[in-house]
Peer 1: 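After the C-alpha cells below, expect a handful of questions from me.
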Amino acid sequence: MIADSATDVFEEHRPLLMGVAYRMLGRVADAEDVVQDAWLRWYQADRAEVREPRAYLVRITTRLAIDRLRQVQARGETYVGPWLPEPYLTEFADTAPDTEERAVLADTVSVAVLVVLESLSPLERAVFVLREAFGYPYAEIAALLDRGEPAVRQLAGRARRHVAEGRPRYEVDPARRRDLTERLLAAVAEGDLEGLMSMLALDVRLVGDSGGKAKAPVRTLHTADKVGRFLVGAAARSVPADLSLSVLEVNGGPAVLLLSGGRPDSLFQLDIADDRVTAVYVLRNPDKLRYLAGL
C-alpha cells in the first residue's frame, strides 16, 4: 500500500516534473533520466516528513537538472553545425485548458526560446523556467534553490532580459502556424519559388540541425532568397520516393514529420509573425528524431 501510494503521488506530478526537466535541459533523454532519478529519491525518502509533495518533487527535479546541465557544460562538447532541442511532444489542452495558460506553456517550450535558454547559466535557466513557465513566486523559488529572494530576483531579471534580447518575435497561434506550414510545404513540393517567397519574411532564417549525421546546412541561412532557393532546390534533389508525412504538436506548435520507409527523416517547424515565416527549423539528426519513431 505504501509503495502504491508513493507511485500514485509521483505519477500525478510526472507531467510537471518532465516539463521542468525538459525546459531546463532541452534534451528528452536527459529529462527522462532526471525524472527517473527524482523518482528514486522520492521512493527512498521519509515521505511521512514531506508536507508538500509537489514542492518537494519540483525541488529534487530542479536540482538534479541543474547538476546535469552543469555536467554537460563542463564537458564542453563540440556540436557539429547549429543546435536545436530534441522534439518534445506536447498537448496542453488537458493540463492547461485556459487559452492564456496554454500560450505561456507553449511559448516557454518553443524551439526559439529553448535555443536562447542554452546560453543561460544553470541557475538562471532554473529561475526562468520556474518563474516564467510555471508561475512560481520568487520566495518559493528561493526556497527551492536555497538562495535568498533578492538573489533570485536578480537571476530572474538577467534571464528575462537575455531571453528578450535573443528571442525572435513570433506568434504562437497554432491554427495560423499550421495553415502557413501546410501552404509552405505545398509550395516547396511544387517547386513554386514565387509562391514560397511570398510567405517568407525578408529576414527569414533557416536553422538545420543534423549533428553531422545527415545532410543539412552547416550554418544558419539568412534572407528570403537564400532560404527559398535552398528549400526548393533540396526538394528537387533529394525527395525519397517512399516519403510520407504527418502533422504533430511539437514544442507547443504544429510541426511536420517526414518519414522515409516509415522511419523519421526530418522534422520541419516554423515561426511566423505578421503572417510571414520568420524562421524555418529543420531537424535531421537521427539521434534526436528517434523519439518520434512509431508515431
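Here, residue 1 is the first one in the sequence, and each next residue gets the next number.
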Peer 1: Do V247 and R178 come close enough that some side-chain heavy atom pair is under 4.5 Å?
Peer 2: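 The answer is yes, as the side chains (C-beta and beyond) meet within the 4.5 Å cut-off.
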Peer 1: Considering the options I66, V72, D33, L69, which one meets the side-chain contact (heavy atoms from CB on, under 4.5 Å) requirement together with L25?
Peer 2: L69
Peer 1: Using a 4.5 Å cut-off on heavy atoms from C-beta on, say whether the side chain of L270 contacts that of L184.
Peer 2: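 Yes, at least one pair of side-chain atoms sits under 4.5 Å.
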Peer 1: Answer yes or no: is there a donor N or O on one side and an acceptor on the other, between the side chain of T61 and the main chain of V58, under 3.5 Å?
Peer 2: no
Peer 1: Going by the rule ring-ring contact (aromatic ring centres under 6.0 Å, His included), which residues pair with Y22 if we only count those two or more places apart in sequence or in a different chain?
Peer 2: Y88
Peer 1: Can you find a pair of side-chain heavy atoms, one from R131 and one from R160, that are under 4.5 Å apart?
Peer 2: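 Side-chain contact under 4.5 Å: yes.
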Peer 1: Tell me whether the rings of Y136 and F134 are parallel (<30°), tilted (30 to 60°) or perpendicular (>60°).
Peer 2: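 It falls in the perpendicular class, over 60°.
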Peer 1: Can you find a pair of side-chain heavy atoms, one from F268 and one from R284, that are under 4.5 Å apart?
Peer 2: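 Side chain of F268 against side chain of R284, heavy atoms only: no contact under 4.5 Å found.
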Peer 1: Have a look at F128 and tell me which of L123, V163, V116 forms a side-chain contact (heavy atoms from CB on, under 4.5 Å) with it.
Peer 2: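 When side-chain contact (heavy atoms from CB on, under 4.5 Å) is applied between F128 and each of L123, V163, V116, only V163 qualifies.
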Peer 1: Looking at R263, I'd like to know if its CZ atom is crowded, meaning that more than 12 non-hydrogen atoms belonging to other residues, nucleotides or ligands lie closer than 6.0 Å.
Peer 2: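 It does not: R263 CZ has 12 such atoms or fewer within range.
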Peer 1: Return each pair, listed once, that meets side chain to side chain donor-acceptor pair (under 3.5 Å) where at least one residue sits in residues 113-127; pairs must be two or more places apart or across chains.
Peer 2: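 Those involving residues 113-127 are R27-E118, E118-R125, S119-H162, S121-E124, E124-R158.
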Peer 1: Ignoring hydrogens and geometry, is there a side-chain-to-backbone donor-acceptor pair from R59 to R54 under 3.5 Å?
Peer 2: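 Such a contact is absent between R59 side chain and R54 backbone.
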Peer 1: Less than 4.5 Å apart, side chain to side chain, heavy atoms only: is that true for V111 and Q269?
Peer 2: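 Sidechains of Q269 and V111: in contact.
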Peer 1: In chain order, what residues pass the side-chain contact (heavy atoms from CB on, under 4.5 Å) check against L185, with sequence neighbours excluded?
Peer 2: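 Checked L185 against side-chain contact (heavy atoms from CB on, under 4.5 Å); matches are T181, V256.
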Peer 1: Do the side chains of V50 and V20 join up, straight or via other hydrophobic residues, at under 4.5 Å, putting them in one cluster?
Peer 2: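 Result: yes, single cluster for both.
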Peer 1: Is W42 reaching over with its side chain to a backbone N or O of L57, donor-acceptor style, under 3.5 angstrom?
Peer 2: no
Peer 1: Shared ILVMFWY cluster between V80 and L283, side chains joined below 4.5 angstrom?
Peer 2: no
Peer 1: Tell me whether D37 is salt-bridged to R41, with the criterion being a basic N under 4.0 Å from an acidic carboxylate O.
Peer 2: no
Peer 1: Under 4.5 Å between side-chain heavy atoms, counting indirect links through other Ile/Leu/Val/Met/Phe/Trp/Tyr residues: same cluster for L202 and V204 or not?
Peer 2: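 In one cluster with L202: V204, no.
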Peer 1: Which heavy atom in A21 sits nearest to a heavy atom in V34, and how many Å separate them?
Peer 2: CB-CG1, 4.1 Å
Peer 1: Would you say the side-chain atoms of R147 pair up with the backbone N or O of A143, donor to acceptor, closer than 3.5 Å?
Peer 2: no
Peer 1: Applying salt bridge (Lys or Arg N to Asp or Glu O under 4.0 Å) to D67 and R63, what does each step give before you reach the verdict?
Peer 2: CA-CA 6 Å; D67 290 343; R63 291 186 171 190; over 6 Å; no
